**Student:** 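Below are the structure tokens for one structure; questions will follow.
Here the structure is a predicted model, which means the values were calculated and not measured. Sequence lines set the chain letters: A, B, ... in the order given, protein chains first and strands last, and positions in each chain run from 1. Note: hydrogens, waters and symmetry copies are ignored here, and every other heavy atom, side chains too, is used.
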Amino acid sequence: MRYWLMKSEPDAYSIDRLAKDKTAPWTGVRNYQARNFMRDQMAKGDKVLFYHSSCEEPGIVGIAEVCKLAYPDETQFDRKSDYYDEKSTRDNPRWLHVDVKFVKKTRLIGLAELRGNKALANMRVLARGNRLSITPVDPAEWEIINKLL
DNA sequence: GCCAACGTTGGC
DNA sequence: GCCAACGTTGGC
């Protein structure tokens, strides 16, 4: 089993929304590295740190779990969607996504707190210039964060 | 709104 | 394959 951190802008999809929906298709990823993580490495039961980005208080806000393996992202075929991709075909879909299910909300562990914790200094999401919306999390890092909750 | 950092595109 | 231009992300 692996551990991940997945970013979402709360205006687009928040932890509260996931708490209500129970499960969510993680559509809209349009970055190859992030897609490859979902396609090649994510398995059912993988644990996810749910992270709010581009908002007043960016940081970890909850826990989720991968509940469905990667499959084609319908939004790439929808001309009306912001995520429409005219170069993608049903025979050879370019974009895939997993589904995640709600586990729990946590207190906010903000960016400053993450950066201030030496044991978390190597977290991928904290790397300089990182923009990836999905990043792997070390089991050791996962443990440390769980103790902070 | 600013801007650093990075990914993608497209001309050559 | 190179690389400049452009677009996006995301913290501040």
**Student:** Are more than 12 heavy atoms, taken from residues, nucleotides or ligands other than A:Tyr3, located less than 6.0 Å from that residue's OH atom?
**Tutor:** yes

**Student:** Let me spell it out: for each of A:Lys87 and A:Asn31, pick the nucleotide of DNA chain B with the closest heavy atom. Which residue's pick is nearer the 5' end?
**Tutor:** A:Asn31

**Student:** To the nearest angstrom, how far is A:Met6 atom CE from C:dG10 atom P?
**Tutor:** 13 Å

**Student:** Expressed as a whole number of angstroms, how long is the span from A:Glu57:CD to C:dG10:C1'?
**Tutor:** 16 Å

**Student:** Do the side-chain N or O atoms of A:Lys7 get closer than 4.0 angstrom to the phosphate oxygens (OP1, OP2) of C:dT9?
**Tutor:** no

**Student:** Any Lys/Arg nitrogen of A:Lys104 or A:Glu65 sitting under 4.0 Å from an Asp/Glu carboxylate oxygen of the other?
**Tutor:** no

**Student:** Examine the side chains of A:Asp78 and A:Tyr83 and answer whether a donor and an acceptor come within less than 3.5 Å of each other.
**Tutor:** no

**Student:** If I take atom CZ in residue A:Arg131 and atom P in nucleotide B:dC6, what distance separates them, rounded to the nearest angstrom?
**Tutor:** 8 Å

**Student:** In whole Å, I'd like the distance from the CD1 atom of A:Ile60 to the P atom of C:dG11.
**Tutor:** 12 Å

**Student:** Starting at CG of A:Leu126 and ending at P of C:dT9, how long is that distance when rounded to a whole Å?
**Tutor:** 20 Å

**Student:** Would you say a side-chain N or O of A:Tyr51 is under 4.0 Å from OP1 or OP2 of C:dT9?
**Tutor:** no

**Student:** In terms of relative ring orientation, are A:Phe50 and A:Trp26 parallel, tilted or perpendicular, with 30° and 60° separating the classes?
**Tutor:** perpendicular

**Student:** Can you tell me the distance, in whole Å, between the CZ atom of A:Arg30 and the C1' atom of C:dT8?
**Tutor:** 14 Å

**Student:** Report the distance from atom CG of A:Asp11 to atom P of C:dG11, rounded to the nearest whole Å.
**Tutor:** 13 Å

**Student:** Which whole-number value in Å describes the distance from A:Glu9 CD to C:dG11 P?
**Tutor:** 9 Å

